[in-house]
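One structure is given below, encoded as structure tokens.
Chain identifiers are assigned alphabetically (A, B, ...) following the order of the sequence lines, protein sequences preceding nucleic acid strands; residue numbering begins at 1 within each chain.
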Amino acid sequence: MENLDSILNKEQAEAVRCTEGPVLVLAGAGSGKTRVLTHRAAYLIENCGVDPWNILAITFTNKAAGEMRERIDRLVGVRAREIWVSTFHSMCVRILRRHIDLIGYTSDFSIYDTDDQLTLMKQVFKSLNIDPKLIRERAALGAISSAKNEGMDAEDFRKAAGSDLRQRRIADCFTEYQKRLHQNNALDFDDLLIKTVELFKTDDRVLGYYQNRFRYIMVDEYQDTNDIQFELVHLLAGQYHNICVVGDDDQSIYKFRGANLNNILNFEKFFPGAHVIKLEQNYRSTSRILDIANAVISHNTGRKPKKLWTEKKGGAEVVFHEFENANDEANAVISDVWKEVQNNGRAYHDMAVLYRTNAQSRLLEEQCIHRNVPYQIIGGVNFYQRKEIKDVLAYMKVIANGSDTIALERIINVPKRGIGASTIQKLHMFAEANSDAAHQMTLYEAACRADTIGIGGKAGRELKKFTEMIEGYRDKLRRSGYLDQEADPKFKESFTIQDLIKSIRDDTGYGEELRAEGEIEAETRFENIDEIVSKAASYQAEAEKPKLSEFLEEVSLVADIDRADESKDTLTLMTLHGAKGLEFPKVYLVGMSDGLFPGYMSMNDPEDLEEERRLCYVGITRAEQELVMTSARSRMVNGEYQRMKPSRFIDEIPDQLITKELLYPSRVDIDGFSDFSGTPFDDGMDMGMRRNAGNREDDRFGRVIGGHTGTVSGSYGVNSYGLRGMGSTGYLESKKPSGLRGRSGAGATGRKRSGSGIPGYMQKTSEQRLSSLDYGAGDRVRHVKFGEGTVVSVVDGKKDFEVVVDFDKAGRKKMFASFAKLRKLL
DNA sequence: CGATGTTAGTTTTTT
DNA sequence: ACTAACATCG
């Protein structure tokens with residue numbers, strides 16, 4: 001290896017050489033921490049004679065793991081293969097597959113993702129007779145997950161609940177949920193970590209083995225570890241204490257997932273005698289970009305003191321653009337991307353558009369298609385969450401793990417075989433009746449005995465066919481060596497995992513059903529199945545000893561980012577969370593609007609707000625040369641338009657650091673109301689005033705009105721999120737009564753009917769959806785008063801509402817004119 | 001049973 | 001805008 005000091009700065013080299021005992025590397029954004037980690041691993045092997053087999057490196061994503069392995073490989077050659085590089089979750093699965101029988105599961109356990117958890121929780125609610133209206137399944141799951149991440153089990157949770165009725169109810173759910181997970185021989189994501197800790201605590205020898213094996217442990221992105229991960233690390237390092245963690249408290253963005261900032265803030269306390277090294281030189285960004293990042297993050301409190309600096313002085317100006325609406329924003333951004341490539345010789349893959357929520361990707365995608373810009377969306381609907389993929393995987397899960405009832409129920413009637421709800425109900429009752437403390441009969445076992453239960457007719461025949469098919473697959477897989485056992489040497493026709501997927505597609509009629517639909521969407525789904533076939537093929541080529549359950553786990557644990565393909569020259573679209581650890585020459589941060597970023601959920605809690613600010617910091621520091629930030633004054637959120645002002649994070653940037661430009665027309669049409677054009681709506685934010693605090697029904701912002709027919713047309717109001725929104729209702733021209741305004745939302749679940757905007761359908765009612773409805777067409781104005789802070793009272797169904805309008809002088813003048821017209825009509 | 005119609009609830013961020 | 005869950009009918 002070359003001389004360290006020639007390729008690393010002083011602190012980096014120190015971090016590399018500091019191999020013994022606990023080490024905390026506080027690595028600011030772009031300070032070369034990956035460099036440190038890879039060189040450190042290489043140094044351990046080359047200079048300290050450490051066996052690669054004794055090194056454990058934990059990264060945040062599988063992709064990062066792969067990259068790290070590759071980079072170490074380049075430094076020390078093939079020996080790098082021996083290093084255990086993986087994510088926390090993958091590591092735990094690997095350990096659990098070997099030893100989980102010690103804690104009462106079997107090694108073919110299923111891993112439940114969020115969807116599966118929800119399905120399971122619904123069953124729990126049903127069996128405990130809990131009304132989902134009182135406690136939502138998601139809320140229960142959320143509470144349980146946070147409890148788990150704090151190291152609590154169901155019992156602890158119950159104790160903590162005390163006399164709180166709701167909490168106690170959730171405690172019941174917790175108990176039942178765990179029980180059912182166990183019955184299904186399944187673990188959720190949290191359990192993967194928890195059960196590993198449990199395993200270590202249960203069995204000294206297992207713990208001893210891994211402690212002894214992992215003499216040198218490195219953890220990347222340490223600021224985003226949670227309590228369980230901390231415990232895991234603590235346990236593993238318990239013998240040798242050679243633990244090196246790398247992280248940046250300013251980049252902690254996973255609190256919602258249980259990340260505990262104290263892990264890094266108090267590292268020295270948990271690991272006495274820890275050596276602390278700070279990496280403060282940034283090699284990534286220009287000083288212009290860095291100044292902005294520092295300006296924003298300086299608004300946070302309780303940070304570890306540090307000051308990032310760079311030698312790259314100056315650089316391109318950073319700009320902020322505010323657009324009239326999200327469409328204009330997307331249009332301008334993608335157009336700029338295109339120009340960068342055409343005129344400035346940038347490659348698409350040198351740029352990224354980052355946003356707060358996945359939903360924002362849609363408009364951007366449309367623009368990319370429109371402009372023929374090659375793009376890659378990371379995240380959003382995960383490939384493995386797509387219906388067809390989940391269906392195929394569910395088949396495979398049933399085959400691998402017959403106890404997995406969630407998977408079984410998913411596909412027992414897919415494609416339609418005439419095994420409906422009542423048949424499944426019968427099977428459940430049979431299974432229940434034949435279970436005792438010693439053995440729980442599974443749904444699948446019940447299905448196998450359909451004929452003895454007295455399920456005859458079509459359902460009976462189909463059940464028989466179904467279970468025989470599953471058994472057939474199992475048999476072939478077993479003999480081919482993809483289940484637990486070794487392959488049967490006498491079995492000639494090797495049946496691979498790809499074969500299995502193809503069989504599922506072709507034999508069950510699933511593929512046929514898709515084909516029959518004949519729509520483009522169905523075609524895509526078909527292709528998606530092909531993609532999973534090739535995924536299986538590559539798994540099989542790479543794995544030492546391919547097993548079905550291992551393939552399934554590989555598939556469950558991939559992150560969105562793992563699927564990114566850098567070899568293609570495409571523009572990257574992704575969330576800020578997804579961008580962690582990445583860098584791009586030019587970065588666009590879009591949707592910089594209060595309510596979106598920071599999100600409305602986080603705006604009231606100082607701690608949450610700080611996390612959002614860190615996310616903003618992460619976003620800014622992804623940029624190497626150029627940074628563009630944008631926002632839109634109006635955008636569609638949850639089916640209705642909302643008005644937003646620029647993000648407070650923009651305000652936190654001193655004016656001399658950033659060039660702000662407002663790109664929207666000075667004249668604004670509101671709901672086609674030319675009377676109002678040119679009103680002070682232009683400045684977006686001052687059209688309303690809060691009358692009362694809170695978010696009660698009668699506490700609304702108002703814009704009113706007008707109407708050639710004497711009815712109210714559209715309005716600004718406080719919607720359920722406490723944000724000002726422009727009612728999507730209110731067509732003055734509409735002849736329909738207010739309850740019947742055409743809406744999309746048509747159809748139900750079926751694949752074909754998923755579309756929106758089918759004409760002739762309507763949605764509203766349910767109290768006419770008043771909670772988010774402002775004043776719609778058809779609502780009559782009762783009287784109008786003028787004066788400072790114009791007050792308008794509106795009859796809205798049964799209730800009178802009062803609306804306060806606050807305009808500037810010019811606007812008020814126009815408004816008065818309109819009101820005069822209106823008054824005449826009344 | 002299953003197809004179609006209707007309605008209520010909803011959303012950050014992810015391993 | 002989207003979708004899961006419920007309602008209705010053949």
Practice prompt. Hey, which sits more toward the 5' end of DNA chain B by its nearest nucleotide, Gly578(A) or Ile419(A)?
Written response: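 Final value for this comparison: Ile419(A).
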Worksheet item: Which residue lies toward the 5' end of DNA chain B, His577(A) or Lys458(A), if each is placed at its nearest nucleotide?
Response: Lys458(A)
Provide, to the nearest angstrom, the distance between the [atom1] atom belonging to [X] and the [atom2] atom belonging to [N].
X	N	atom1	atom2	answer
Arg356(A)	dT13(B)	CZ	C1'	4 Å
Arg136(A)	dA4(C)	CZ	P	16 Å
Arg386(A)	dT3(C)	CZ	P	13 Å
Asp131(A)	dG9(B)	CG	C1'	13 Å
Asp220(A)	dT15(B)	CG	P	15 Å
Met574(A)	dT14(B)	CE	P	11 Å
Ile253(A)	dT12(B)	CD1	P	17 Å
Phe597(A)	dT13(B)	CZ	P	13 Å

side-chain N/O [X] vs [N] OP1/OP2, d < 4.0 Å:
X	N	result
Thr357(A)	dT11(B)	no
Asn413(A)	dG2(B)	yes
Arg138(A)	dA4(C)	no
Thr423(A)	dC1(B)	yes
Asn358(A)	dT12(B)	no
Arg417(A)	dC1(B)	no

Of the candidate nucleotides [options], which contains the atom at the shortest distance from the side chain of [X]?
X	options	value
Lys122(A)	dA4(C), dT14(B), dT12(B)	dA4(C)
Glu612(A)	dT14(B), dT11(B), dT12(B)	dT12(B)
Arg362(A)	dC2(C), dT15(B), dT12(B)	dC2(C)
Tyr600(A)	dT11(B), dT15(B), dT12(B)	dT11(B)
Thr114(A)	dC2(C), dT15(B), dT12(B)	dT15(B)

Using a heavy-atom cut-off of under 4.0 Å over every strand shown, decide if [X] touches base, sugar-phosphate, or nothing.
X	value
Tyr254(A)	sugar-phosphate
Gly599(A)	nothing
Ser90(A)	nothing
Ala459(A)	nothing

When you measure from the side chain of [X] to the backbone of [Y], do you find a donor-acceptor pair of N or O atoms at a distance under 3.5 Å?
X	Y	result
Glu329(A)	Gly591(A)	yes
Thr225(A)	Glu221(A)	no
Arg614(A)	Asn300(A)	no

Fill in: Whether His234(A) and Phe230(A) hold their rings parallel, tilted or perpendicular, with breakpoints at 30° and 60°
parallel
Worksheet item: So do Ile194(A) and Met152(A) actually touch side chain to side chain, heavy atoms under 4.5 Å?
Response: no
Worksheet entry | Whether Phe256(A) stacks on the six-membered ring of dT13(B) base, 5.5 Å and 30° limits | yes
Item to complete: Kindly determine whether His89(A) and Phe60(A) satisfy ring pair (Phe, Tyr, Trp, His ring centres under 6.0 Å), including the steps that lead there.
Response: CA-CA 9 Å; His89(A) 292 266; Phe60(A) 202 68; 9.2 Å; no
